[in-house]
Each structure stands twice: as structure tokens, then as C-alpha cells.
2 protein chains.
Amino acid sequence: MSNSSYFPLGNSISEQIYLTLKREIIAGELPPGTRLIVLDIAGKFQVSQAPVREALERMKQEGLINGIPNKGSVVSNITSKEIRDIFVLREIIEGYAVRTTMPTLLEDDYEQLEMIIRSMEEAVGRNDTLGILELDMDFHGFFYKRCDNQAILELWNHMRTKVMRFMAISNRHHTTDLLAEWHRRLITVLQTGDGDAAEEAFIEHMHAYKFIHMD
Amino acid sequence: MSNSSYFPLGNSISEQIYLTLKREIIAGELPPGTRLIVLDIAGKFQVSQAPVREALERMKQEGLINGIPNKGSVVSNITSKEIRDIFVLREIIEGYAVRTTMPTLLEDDYEQLEMIIRSMEEAVGRNDTLGILELDMDFHGFFYKRCDNQAILELWNHMRTKVMRFMAISNRHHTTDLLAEWHRRLITVLQTGDGDAAEEAFIEHMHAYKFIHMD
DNA sequence: TGGAAACAGATTATCGATAATCGATAATCA
DNA sequence: TGATTATCGATTATCGATAATCTGTTTCCA
């Protein structure tokens with residue numbers, strides 16, 4: 001029936017709703033604490049409750065929202081403790097990812113990374129904050145993907161949404177200019193071939209980024 | 001309505017279904033490849049489709065089942081590659097967990113660990129395979145819990161179901177006798193206070209366990 | 001006046017039924 | 001015959017409505 005919509009991509013209705021809400025939460029348009037009422041959302045999307053419930057269930061699983069039984073769903077808050085926890089985990093895993101993939105990097109890979117950085121500069125040019133963020137995630141995600149380890153890749157996808165939310169919400173637009181150059185320096189370290197140095201550089205990079213955004 | 005049931009714990013109907021199916025999958029009663037048909041399950045539990053769908057959605061998110069759009073759900077298979085990936089990740093994280101929590105362990109903690117091992121011996125005595133597995137997970141989970149890091153704890157819970165499935169399915173009952181003693185040896189190493197040695201011992205332990213179960 | 005009990009409003013949780021989709025098989029025709 | 005289309009059975013995806021639950025408020029009585 002009601003397929004009269006102008007929605008973003010996605011196959012099923014529930015997936016469209018899921019993607020839409022997720023994007024809005026990550027972008028901060030639905031700030032923490034916002035109540036998500038099934039009937040309201042169903043009305044807004046002109047659908048029934050079932051697909052909305054399914055979308056909410058997925059987001060609950062992902063930690064994007066908190067569900068209290070018989071009470072409803074609320075966009076989850078991000079505490080600084082939570083961010084610290086995520087970054088501790090990220091440092092462990094990304095350290096491993098960089099250390100192990102570094103020896104396998106070829107000219108092509110460096111070009112790909114350089115491409116991401118150039119796109120980043122363009123995004124900075126047009127003040128596309130969310131775009132910058134996504135490219136930042138692409139850069140780091142590159143190493144997780146190269147691990148040839150599905151479990152690690154899934155973990156990264158999970159961490160990524162949390163990191164993105166955190167950065168999108170806390171972003172004060174005061175580091176974006178440096179970002180591209182910052183990442184170029186990481187490439188330089190990688191090219192020296194010193195695994196320990198590379199791992200350390202990435203961890204330091206994450207540290208700096210975390211603290212800048214946490215005050 | 002239909003609350004005439006004899007089900008395990010859990011608040012909502014959907015949660016009861018979720019817990020029941022999850023246990024059956026982990027225990028191998030629902031082997032990989034088993035089709036999970038919404039109406040069949042709803043009929044078996046004497047409920048409507050909605051709570052079944054919600055339970056399936058959660059399991060899909062967890063990787064316990066694979067869902068093909070408009071086609072249905074199937075209990076997911078576990079490839080040896082997947083197991084290898086999980087164990088690589090587990091070694092990284094558990095190594096960290098053991099190394100960092102070791103210096104904080106007190107007499108009480110060692111007693112708690114010893115208690116788990118004694119329960120394990122009892123479970124071995126009554127051939128309670130699933131019980132042994134759960135206690136094994138409790139032992140290792142102890143260190144994840146002590147990290148004071150929600151992200152790491154959640155990751156462990158996620159890995160745990162996969163590890164348990166793998167072990168339950170591939171279990172040939174030929175190592176259970178050694179298990180308790182094996183873990184006692186880990187405690188001994190912990191008590192020496194040598195972090196590197198402890199981390200190494202745990203990783204070696206996981207290696208051995210993995211290979212025994214993988215042929 | 002204080003507190004249990006009943007009520008009301010809002011929202012979720014569940015229900016039973018309909019619509020849409022998929023894969024396979026049968027029918028049609030060049 | 002060989003390829004395309006129509007039909008069918010099985011199952012999911014979605015729907016609209018009802019039942020259950022929670023929170024806050026009012027009522028009522030000792």
C-alpha cells in the first residue's frame with residue numbers, strides 16, 4: 001500500500017525507518033533524551049506500528065536508544081565514562097589493526113588513503129561536518145577492513161556509530177582544519193615501516209582527538 | 001489471554017521466546033541450517049507472530065540466525081574461519097583484561113575464582129556439559145568484568161555466545177576432566193604477579209582450547 | 001489529614017488478519 | 001523445443017485494533 005514516499009534508500013519500510021532515525025540520531029538532530037513514541041513515528045512515516053517497532057528494536061540492540069519495558073524508548077545519552085571506555089577498547093583494537101596490516105600495505109593502499117584525505121580536505125572546504133566525520137571513519141576503518149577478520153570488522157562498525165555520535169554531538173568545528181594534515185602525518189609514520197612507532201602514533205592520535213572533544 | 005505457560009524466566013513473552021530459542025541454539029538443539037518459521041514458532045508457544053518476530057530480530061542482530069528478506073530465518077552456521085577470527089579478537093582483549101586486572105586481584109578474588117573451579121569439578125562429576133561451559137565462561141568473564149569498562153564487557157557478552165555455541169557444537173567430551181586443573185594452573189601464574197607471564201598463559205590456554213575443538 | 005484504592009491518560013505489548021514477496025511449477029506460444 | 005509468462009503454495013511484511021501496563025491524580029474514608 002502506502003509506498004508514496006520520498007524516503008532515502010533501503011529495501012523494507014522498517015529498514016528505511018531504521019536508517020532515517022539512525023542518521024538523525026548520529027547527526028544529533030534527535031538529541032539524547034528525546035522520546036521515541038511508536039505511534040508518533042508511525043504517523044510521521046505514514047505506516048503502521050510494526051515496522052517502527054522493528055526499527056526501534058535494532059537501534060536498541062545497537063545502543064542508540066534505551067528501552068524501558070512498557071515505558072518506551074529514549075535516545076540514549078553518552079556519558080564521558082562511556083566515551084573513555086570506547087576509546088580504551090578502540091586503542092587496543094586499532095593498535096593491533098595498524099600493527100598487523102602495516103607490513104602488507106602497498107603503493108595502491110597509500111594512494112587510497114591519500115584519496116580519503118583529499119576528500120576530507122574538500123569536505124572541510126565546504127564545511128560538511130558530517131562528511132568530514134565519515135571520511136575520518138573511512139580512514140581508520142581502512143585498517144580494520146584489512147585485518148581479514150569479520151569479528152574485528154563488526155566490532156569496528158559497532159564502535160564507529162558510537163564514536164560518530166560522540167564526535168557529531170561534541171563537535172565545535174575547531175579541529176577540522178588540522179585533520180587532513182594530521183592523517184597525512186600518520187601515513188608518513190606508516191611508510192617508515194616501524195610497526196611500534198605506527199601503533200604509537202595512532203594511539204597518540206586517538207588520545208589527542210578524544211581529549212580535544214571531551215574538554 | 002494465553003499466559004498458561006510453563007516457560008523459563010523472562011518478563012515479556014518476546015523475551016521468553018528469545019531466551020528459549022537462544023538457549024536451544026547455543027545447546028545445539030537447533031543445529032545450524034534449521035529454518036525458523038514465524039508461524040510455526042508462534043504456534044508452538046501459543047502466541048501471535050509479533051513477539052516471535054521481535055525475538056528473531058534480536059537473534060539476528062546477535063548473529064545467532066541469518067535473515068534473508070522476504071525469505072525467512074535460518075540458524076546460522078559457524079565456519080572455522082569465524083571461530084579463528086573470534087579467537088584472535090578474544091586473545092587481544094582477554095590478554096588486555098588479564099594484564100590490567102591482575103595487579104588488583106585480592107584474596108577474595110582468588111577465592112571466587114577457586115569457587116568457580118570447584119563448581120566446575122562438580123559439573124564434570126554429573127556430566128553437565130552445558131554447566132561446565134557456563135562455568136568456563138564465568139571464569140574468563142571474571143576478568144572482563146573487572147576491567148570497569150562497559151564496552152569491553154559488552155564485547156565479551158557478544159563473544160561469549162559465539163564461543164559457547166562453537167564449544168557446545170564441537171564438544172566431544174574429551175577435555176572436561178582436565179578443565180578444572182587447567183584453570184587452577186592459570187590462577188597459580190596469576191599469583192606470581194608477573195603480568196606478561198599471566199597474559200601469555202591465558203593466550204596459550206585459549207590456543208590449546210581452540211585447537212582441541214577444531215581438530 | 002494521610003494514605004490506600006480507584007480512575008484516567010498515555011503508550012507499549014500483543015493479537016489476528018491482510019497484502020506483498022519469493023521460488024517452483026505449470027501453461028502458453030513463437 | 002525453448003523461452004517466457006501465469007499460477008500456486010509457503011512465508012514474510014505490514015496493517016489496524018485490542019489488551020496490558022505504567023504514571024500521576026483524584027477520591028474516599030478512617
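So you know, we letter chains A, B, ... as the sequences are listed, proteins then strands, and number each from 1. A quick note: this is a predicted structure, and the numbers were derived from the prediction, not measured.
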Examine B:His158 together with A:His158 and report whether their ring centres are nearer than 6.0 Å. no

To the nearest Å, how far apart are [X] [atom1] and [N] [atom2]?
{"X": "A:Gln46", "N": "D:dG16", "atom1": "CD", "atom2": "C1'", "value": "14 Å"}
{"X": "B:Glu57", "N": "C:dA13", "atom1": "CD", "atom2": "P", "value": "15 Å"}
{"X": "A:Leu39", "N": "D:dC15", "atom1": "CG", "atom2": "P", "value": "13 Å"}
{"X": "B:Asn11", "N": "C:dT12", "atom1": "CG", "atom2": "P", "value": "17 Å"}
{"X": "A:Ile41", "N": "C:dA10", "atom1": "CD1", "atom2": "P", "value": "18 Å"}
{"X": "A:Arg35", "N": "D:dC22", "atom1": "CZ", "atom2": "P", "value": "14 Å"}
{"X": "A:Lys60", "N": "C:dA13", "atom1": "NZ", "atom2": "C1'", "value": "11 Å"}
{"X": "A:Ile17", "N": "D:dA13", "atom1": "CD1", "atom2": "P", "value": "14 Å"}

Under a 4.0 Å threshold between the charged nitrogen and the carboxylate oxygen, would A:Glu114 count as salt-bridged to A:Arg118?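 Yes, charged N to carboxylate O under 4.0 Å.
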
Electrostatic pair B:Lys22:B:Glu62 at N-O distance under 4.0 angstrom: yes

Tell whether B:Gln49 reaches the base of C:dA17 with its side chain through a donor-acceptor pair below 3.5 angstrom.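 Answer is yes: a donor-acceptor pair is held.
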
Selected nucleotide, minimal atom distance to [X] side chain, candidates [options]:
{"X": "A:Ile37", "options": "C:dT12, D:dT14, C:dT14", "result": "C:dT12"}
{"X": "A:Val38", "options": "D:dT12, C:dT12, C:dT14", "result": "C:dT12"}
{"X": "A:Ile13", "options": "D:dC15, D:dT12, D:dT11", "result": "D:dC15"}
{"X": "A:Asn70", "options": "D:dG16, D:dT12, C:dA13", "result": "C:dA13"}

Residue from A:Leu190, A:Thr100, A:Ile93, A:Asp109 passing side-chain contact (heavy atoms from CB on, under 4.5 Å) with A:Phe143: A:Leu190

So B:Leu36, base contact, sugar-phosphate only, or nothing? Heavy-atom distance under 4.0 Å.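 Touches sugar-phosphate only.
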
Considering heavy-atom distances to DNA chain D, does A:Pro51 or A:Lys71 have its closest nucleotide positioned more toward the 5' end? A:Pro51

Please tell me if the side chains of B:Ile152 and B:Tyr96 come closer than 4.5 Å, counting only heavy atoms from C-beta onward. yes

Can you check whether A:Arg53 has a side-chain N or O nearer than 4.0 Å to OP1 or OP2 of C:dA13?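 The answer is yes; a side-chain N or O of A:Arg53 sits under 4.0 Å from OP1 or OP2.
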
